[in-house]
Amino acid sequence: MTKCLMLDVDGVIISGPDGQSWARDIERDLGIDPDMLETHFFIPHWPEIVAGRKALREVLEGCLPVLASPVTPDDFMTYWFERDSTIDHDVLAACDRLRARGTRIFLATNQEHLRAEYLMAQLKLSDRVDGIVYSAAVGAKKPDPAFFEAAEAKSGFTGAEHILVDDQFKNIEAARAFGWRALHWTGGEDLEALVDAARG
């Protein structure tokens, strides 16, 4: 019997504005060329940031001048976090119902520290789930087996007592290889029905 739902965040609970990238209008709004942002920030630094080996604010302090942007790291993060925060309320309502029936729910997400804090405190996801497992805190990203090992340590459950719901199929495959049940989220599904069907 599945006792613990591990729920991905981006692409499942959260999306950008109108389902688009949060950075869609960044050149208009902040004067930052999105291709330059990719070249000078995301490609060289993001893998280390999201794994907890670099600090987001410190990296931005070095990158923003290269991008010729007048904004501060805090301005940039505020813009990012606020725009990348459209909540699927149907998913959270399903979480409420599942928790009321005794299922423990944790967010299982590749995040850095500041946005993880924003998700739990500012978006108040801490009110709707039992906790969060995120890559920068555990030092491993999905689909690394070490992520799932850390998630089990956090939840207190093992193996097939978990279901992962994720929009990335590589993470689904990794979870199954680790002995979990896992469901591929494509958007619009009824989360409660999906989990119930997986329980058999």
Side-chain angles (χ1 to χ4, degrees), residues 6-92 107-126 128-129 132-144 147 164-172 174 184-189 191:
M6 288 283 176
L7 194 59
D8 183 38
V9 174
D10 294 299
V12 179
I13 298 176
I14 296 285
S15 64
D18 301 320
Q20 303 295 312
S21 167
W22 66 270
R24 179 185 59 185
D25 299 319
I26 198 168
E27 189 162 19
R28 181 197 70 191
D29 296 339
L30 300 184
I32 295 174
D33 181 316
D35 291 334
M36 293 279 285
L37 183 65
E38 188 74 13
T39 298
H40 294 285
F41 174 69
F42 280 108
I43 291 173
H45 299 295
W46 186 246
E48 298 292 297
I49 292 170
V50 81
R53 293 189 288 270
K54 290 183 180 178
L56 175 58
R57 182 179 280 107
E58 292 176 7
V59 171
L60 286 171
E61 285 172 352
C63 286
L64 289 172
V66 177
L67 299 173
S69 173
V71 301
T72 67
D74 284 341
D75 290 338
F76 182 93
M77 288 186 291
T78 296
Y79 179 86
W80 177 358
F81 296 173
E82 288 181 353
R83 290 180 63 82
D84 201 10
S85 62
T86 302
I87 292 175
D88 187 327
H89 293 285
D90 290 339
V91 170
L92 289 188
L107 305 182
T109 177
N110 290 342
Q111 299 288 341
E112 59 78 45
H113 298 293
L114 297 177
R115 186 160 182 261
E117 181 181 353
Y118 181 88
L119 293 170
M120 295 298 275
Q122 300 302 314
L123 297 187
K124 301 188 184 305
L125 294 184
S126 61
R128 315 297 288 274
V129 298
I132 183 172
V133 182
Y134 69 97
S135 55
V138 304
K141 299 180 290 183
K142 294 178 292 182
D144 188 327
F147 181 94
L164 173 70
V165 174
D166 200 294
D167 66 328
Q168 299 292 318
F169 198 70
K170 62 184 178 181
N171 298 334
I172 298 300
H184 188 212
W185 182 263
T186 59
E189 294 98 332
L191 178 64

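Contact detail for Ile49 and Ala136: the closest heavy-atom pair is O-CB, 4.0 Å. Listed here is the closest heavy atom pair of Asp75 and Val71: CB-CB, 3.9 Å. Between Pro17 and Arg83, the shortest heavy-atom contact is CD-O, 3.0 Å. Taking each heavy atom of Glu61 and Pro73 in turn, the nearest pair found is CG-CG, 3.5 Å. Here the shortest heavy-atom pairing between Ile13 and Leu107 reads CD1-CD2, 3.5 Å. Taking every heavy atom of both residues into account, Leu60 and Pro65 meet most closely at O-CD, 4.2 Å.
In terms of modelled atom types and a separation under 3.5 Å, the side chain of Arg24 and the main chain of Gly16 share no donor-acceptor contact. With His184 contributing its side chain and Asp166 its backbone, the two residues share no donor-acceptor pair below 3.5 Å. Here the side chain of Lys142 pairs no donor or acceptor atom with the backbone of Ala174 at under 3.5 angstrom. Of the possible donor and acceptor atoms, one in the side chain of Ser135 sits under 3.5 Å from a partner among the backbone N and O of Gln111. When atom types are taken as modelled, the side chain of Arg53 and the backbone of Glu48 share no donor-acceptor pair closer than 3.5 angstrom.
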Exercise. Taking it one step at a time, do Ile14 and Ile87 satisfy side-chain contact (heavy atoms from CB on, under 4.5 Å)?
Worked result: CA-CA 5 Å; Ile14 296 285; Ile87 292 175; 3.6 Å; yes
For this session: Check step by step if side-chain contact (heavy atoms from CB on, under 4.5 Å) holds for Leu119 and Tyr134.
Result: CA-CA 11 Å; Leu119 293 170; Tyr134 69 97; over 6 Å; no
For this session: Go through the steps for Phe76 and Ile26 under the test side-chain contact (heavy atoms from CB on, under 4.5 Å), then give the verdict.
Result: CA-CA 10 Å; Phe76 182 93; Ile26 198 168; 3.8 Å; yes
Problem set entry | Test log, rule side-chain contact (heavy atoms from CB on, under 4.5 Å), inputs Phe147 and Val138 | CA-CA 7 Å; Phe147 181 94; Val138 304; 4.1 Å; yes
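Looking at heavy atoms from C-beta onward, Gln168 lies out of side-chain contact with Pro143 at the 4.5 angstrom threshold. Using a 4.5 Å cut-off on side-chain heavy atoms (C-beta onward), Leu92 and Leu125 make contact. Within the 4.5 Å cutoff, the side chain of Leu7 has heavy atoms near those of the Val91 side chain. Counting heavy atoms from C-beta on, the side chains of Phe81 and Leu123 never come closer than 4.5 Å. Counting heavy atoms from C-beta on, the side chains of Asp10 and Asp84 come closer than 4.5 Å. Using a 4.5 Å heavy-atom cutoff, the side chains of Tyr79 and Ile32 are not in contact. Annotation: side chain of Leu67 is in contact with side chain of Leu37 (closest heavy-atom distance under 4.5 Å).
His45 and Phe41 have tilted rings, their planes meeting at an angle from 30° to 60° on a 0 to 90° scale.
Glu117 CD: 12 or fewer foreign heavy atoms inside a 6.0 Å radius. Atom CD of Glu58 is surrounded by 12 or fewer heavy atoms from other residues, nucleotides or ligands within 6.0 Å.
Side-chain atoms of Asp25 and Gln20 include no donor-acceptor pair closer than 3.5 Å.
Residue Arg57 holds its CZ atom at 12.5 Å from NE2 of His113, rounded to the nearest 0.5 Å.
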